[in-house]
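Contents: one structure, followed by commentary.
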Amino acid sequence: MDIKQLEKTLNREPSFRLKQAQKAVFQDLIDDWGRATVFSLALREKLKREVPLEIAAKLFVAADQKTVKSLIGLADGLKVEAVLMRYPKRNTVCVSSMVGCPLNCEFCATGKMGFKRNLSDGEIVEQVLFFNRYLKKSGQRVNSLVFMGMGEPFLNCDSVFSAVEFFNRPESFNIGARHISISTVGIIEGIKKLTQSSLPVNLAISLHAADDETRSKIMPINRRYPLREVLEAVEEYLQKTRRKVMFEYIMIRGINDSLNQAQKLVRLLSGLRKSLYLVNLIAYNPTGIFKPSSSEQIQGFKKVLEKQGIEVTERYRFGRQIQAACGQLAIDDEE
Ligand code: SAH
């Protein structure tokens with residue numbers, strides 16, 4: 001969907017027409033202009049032609065119904081995945097910012113499929129529109145978003161910031177920036193852009209190692225943006241925004257999960273104010289190459305951090321059965 005096209009198509013109409021159309025699409029969630037009976041037949045036909053509302057998607061629902069993955073077909077035939085996570089009190093969508101990803105992190109299935117292209121702002125919005133339609137049946141809405149699907153959001157800043165601004169608008173989905181998080185491998189330019197942005201979006205950093213040698217082995221991008229530079233940019237972000245940052249750390253057996261690494265992590269983060277960050281430990285979801293850390297190892301690692309007063313959370317595992325968990329998003333043509 002082209003989110004600017006609606007305005008263009010209606011630019012000769014009185015301005016209340018645009019408001020009616022936005023309400024119909026983003027709040028009433030119609031998927032067919034034929035149902036927008038406030039408009040004349042001619043206008044409905046024009047809208048049908050110029051702003052098609054159909055979303056071609058396949059759905060995969062986990063047995064417990066808490067995780068739903070969608071595989072959305074794009075206009076050029078490529079496909080992109082998005083994941084809905086249904087928590088007891090909120091619905092979060094994990095959105096993609098690219099088809100594939102150029103970063104090639106060793107542990108991530110998306111990286112292994114290579115980079116196809118950036119998504120437009122409309123293609124990002126469409127992922128949320130799709131799940132809002134899906135949730136409508138149960139009288140629910142998407143309440144929060146994480147840019148943790150396929151791709152690196154800060155290598156597609158234009159579309160991502162434009163989509164975030166759009167999500168935030170009352171006439172679209174009215175999802176507050178505080179309920180939106182962007183996860184990055186540490187693209188400095190993007191962190192700086194977020195620091196300067198007037199939208200209070202949350203920042204998450206995919207750290208995954210506490211020294212450059214280990215990190216460069218599993219995340220080649222670390223050679224371009226080494227830890228020290230990433231942390232400097234985070235420090236600036238914290239100084240300016242005072243919003244808590246999340247450091248994500250995948251626990252991979254024998255690679256980055258030793259107690260010695262935990263101590264290194266404590267030292268690495270020692271310059272930051274403890275009330276302004278937390279470490280999110282993520283069990284490695286198998287994608288073929290590595291093995292996940294044992295739960296004892298994870299608990300030991302966690303204790304080292306907690307002893308130093310660092311807040312640690314463990315990520316709840318959503319959607320492994322339907323290949324919808326972190327790092328498992330990769331388009332499989334069999335799907
Ligand atoms: N490129 C961004 C956005 C993707 S976020 C980023 O890397 O932050 C996806 C999250 O899932 C990241 O923290 C990523 O490192 C993590 N992840 C990737 N592969 C994983 C795997 N196999 N198991 C668990 N987490 C994984």
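Positions are given from 1, in the same order as the sequence printed here.
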- Just wondering, do Val146 and Thr92 contact through their side chains at under 4.5 Å, heavy atoms? yes
- Query: Taking atom types as modelled, is there a side-chain donor on Thr313 or Arg315 under 3.5 Å from an acceptor on the other?
  - Reply: no
- Message: Can you tell me how the ring of Phe131 sits relative to the ring of Tyr134, calling it parallel under 30°, perpendicular over 60° and tilted otherwise?
- Response: perpendicular
- Under 3.5 Å, is there a donor-acceptor pair linking the side chains of Glu50 and Thr9? yes
- Message: Once rounded to the nearest 0.5 Å, what's the spacing between atom CD of Glu235 and atom CG of Leu276?
- Response: 10.5 Å
- Which atoms form the tightest heavy-atom contact between Ala262 and Leu305, and what is the distance? O-CD2, 3.7 Å
- Query: Considering only heavy atoms from C-beta outward, does the side chain of Phe60 approach that of Leu71 to under 4.5 Å?
  - Reply: yes
- Item | Met1 vs Val125 side-chain heavy atoms within contact, under 4.5 Å | no
- Message: Within the structure provided, determine whether Trp33 and Leu53 are in side-chain contact (heavy-atom separation under 4.5 Å).
- Response: yes
- Message: What I'd like to find out is whether the side chain of Ile250 reaches to under 4.5 Å of the side chain of Phe290, using heavy atoms alone.
- Response: no
- Query: When you look at CZ of Arg178, are more than 12 heavy atoms from neighbouring residues, nucleotides or ligands closer to it than 6.0 Å?
  - Reply: no
- Item | Donor-acceptor pair, side chain of Asn168 and main chain of Val164, under 3.5 angstrom | no
- Task: Taking atom types as modelled, find out whether Ser70 and Gln127 have a side-chain donor-acceptor pair closer than 3.5 angstrom.
- Result: no
- Looking only at heavy atoms, which two atoms of Met150 and Glu81 are closest? And how far apart? SD-N, 3.8 Å
- Item | Backbone N/O of Arg90 and side chain of Asn143: donor-acceptor pair under 3.5 Å | no
- Message: On a heavy-atom basis, which atom in Asp257 and which in Phe301 lie closest, and how many Å separate them?
- Response: O-CD1, 3.6 Å
- Message: If I take atom CD1 from residue Ile72 and atom CZ from residue Phe130, how far apart are they, to the nearest 0.5 angstrom?
- Response: 6.0 Å
- Message: Taking the cut-offs as 6.0 angstrom to the six-membered ring centre and 45 degrees off its axis, would you call Lys193 and Phe161 a cation-pi pair?
- Response: yes
- Message: Salt bridge check, Glu311 against Lys274: does any charged N sit closer than 4.0 Å to a carboxylate O?
- Response: no
- Message: Regarding Glu106 and Lys112, does a basic nitrogen lie under 4.0 Å from an acidic carboxylate oxygen?
- Response: yes
- Residue pair Val234 / Phe247, side-chain heavy-atom distance below 4.5 Å: yes
- Message: With rounding to the nearest 0.5 angstrom, report the CD1 to CD distance, Ile188 to Glu236.
- Response: 9.0 Å
- Arg228/Glu232 ion pair, N-O < 4.0 Å: yes
- Message: Go through it in stages, so that I can follow the logic: the residues are Ile30 and Asp32, the test is side chain to side chain contact (heavy atoms under 4.5 Å, CB included), and I'd like the CA-CA distance, side-chain angles, deciding distance and then a yes or no.
- Response: CA-CA 6 Å; Ile30 60 162; Asp32 171 7; 5.9 Å; no
- Query: Is the shortest side-chain N to carboxylate O distance from Asp121 to Lys4 below 4.0 Å?
  - Reply: yes
- Query: Does Val245 reach the side chain of Asn202, with side-chain heavy atoms less than 4.5 Å apart?
  - Reply: no
- Task: Please confirm whether the backbone N or O of Ile310 pairs with a side-chain atom of Gln308, one donor and one acceptor, at under 3.5 Å?
- Result: no
- State plainly whether the residues Arg117 and Glu123 are in salt-bridge range, i.e. N to O under 4.0 Å. yes
- Look at the side chain of Lys116 and the backbone N and O of Met113, then say whether any donor-acceptor pair between them is shorter than 3.5 Å. yes
- Note on the structure: In short, Ala21 meets Phe39 closest at the heavy-atom pair N-CZ, 3.7 Å
- Task: Take Arg133 and Asp31, measure what side chain to side chain contact (heavy atoms under 4.5 Å, CB included) needs, and give me the verdict at the end.
- Result: CA-CA 8 Å; Arg133 288 181 188 170; Asp31 51 13; 3.5 Å; yes
- Query: Once you round to the nearest 0.5 Å, how far does OG1 of Thr184 lie from CG of Leu155?
  - Reply: 7.0 Å
- Which heavy-atom pair separates Ile175 from Ser144 by the least distance, and what is that distance? CG2-CA, 4.3 Å
- Around atom NZ of Lys264, are there more than 12 heavy atoms of other residues, nucleotides or ligands at under 6.0 Å? yes
- Query: Do any N or O atoms from the side chain of Arg243 and from the backbone of Val201 form a donor-acceptor pair under 3.5 angstrom?
  - Reply: yes
- Determine, step by step, whether Leu119 and Val160 satisfy the side chain to side chain contact (heavy atoms under 4.5 Å, CB included) criterion, reporting the C-alpha distance in whole Å, the side-chain angles of both residues, the deciding distance to 0.1 Å, and the verdict. CA-CA 9 Å; Leu119 294 179; Val160 167; over 6 Å; no
- Message: Applying ring-ring contact (aromatic ring centres under 6.0 Å, His included) to Phe167 and His179, what does each step give before you reach the verdict?
- Response: CA-CA 10 Å; Phe167 288 130; His179 301 287; over 10 Å; no
- Indicate whether the side chain of Gln261 and that of Thr214 have a donor and an acceptor atom separated by less than 3.5 Å. yes
- Query: Cut-off 3.5 Å, side chains only: do Glu248 and Ser183 have a donor facing an acceptor?
  - Reply: yes
- Message: Quick check with a 6.0 Å cut-off and a 45 degree axis cone: is Arg169 positioned over the face of Phe166's six-membered ring?
- Response: no
- Heavy-atom donor-acceptor pair, Ser197 side chain to Leu194 backbone, under 3.5 Å: no
- When you measure from the side chain of Asn156 to the backbone N and O of Ser97, does any donor-acceptor pair fall under 3.5 Å? yes
- Would you call Glu314-Lys302 a salt bridge at under 4.0 Å N-O? yes
- Item | Straight-line distance of Lys217 NZ to Cys105 SG, nearest 0.5 Å | 15.5 Å
- Determine whether the side chains of Gln140 and Asn91 contain a donor N or O and an acceptor N or O closer than 3.5 Å. yes
- Message: Whether the Ser275 and Arg242 side chains hold a donor-acceptor pair (N or O, under 3.5 Å, no angle test) is what I'd like checked.
- Response: no
- Item | Heavy atoms from other residues, nucleotides or ligands near NZ of Lys8 exceed 12 (cutoff 6.0 Å) | yes
- Query: So, the side chain of Ser96 versus the backbone of Met98: is there a donor-acceptor pair under 3.5 Å, distance only?
  - Reply: no
- Side-chain (Lys69) to main-chain (Ala82) donor-acceptor, under 3.5 angstrom: no
- Nearest heavy-atom contact between Val25 and Leu129 is O-CD1, 3.6 Å
- Query: Going through the distances and angles, do Tyr284 and Phe107 end up as a ring-ring contact (aromatic ring centres under 6.0 Å, His included)?
  - Reply: CA-CA 8 Å; Tyr284 167 67; Phe107 44 78; 7.3 Å; no
- Message: What I'd like to find out is whether the side chain of Leu207 reaches to under 4.5 Å of the side chain of Leu227, using heavy atoms alone.
- Response: yes
- Please check if the side chain of Ser293 supplies one atom and the backbone of Ile298 the other of a donor-acceptor pair under 3.5 Å. no
- Message: Evaluate Leu203 against Tyr237 for side chain to side chain contact (heavy atoms under 4.5 Å, CB included), listing each step before the verdict.
- Response: CA-CA 9 Å; Leu203 176 65; Tyr237 168 88; 3.7 Å; yes
- Test item: side-chain donor near acceptor, Asn222 and Arg215, under 3.5 Å: yes
- Task: Please round to the nearest 0.5 Å and tell me the distance separating atom CD1 of Ile187 and atom NZ of Lys192.
- Result: 13.0 Å
- Crowding at NZ, Lys244 (>12 non-hydrogen neighbours, <6.0 Å): yes
- Task: May I ask you to check whether over 12 heavy atoms, not counting those of Lys307, lie within 6.0 Å of atom NZ?
- Result: no
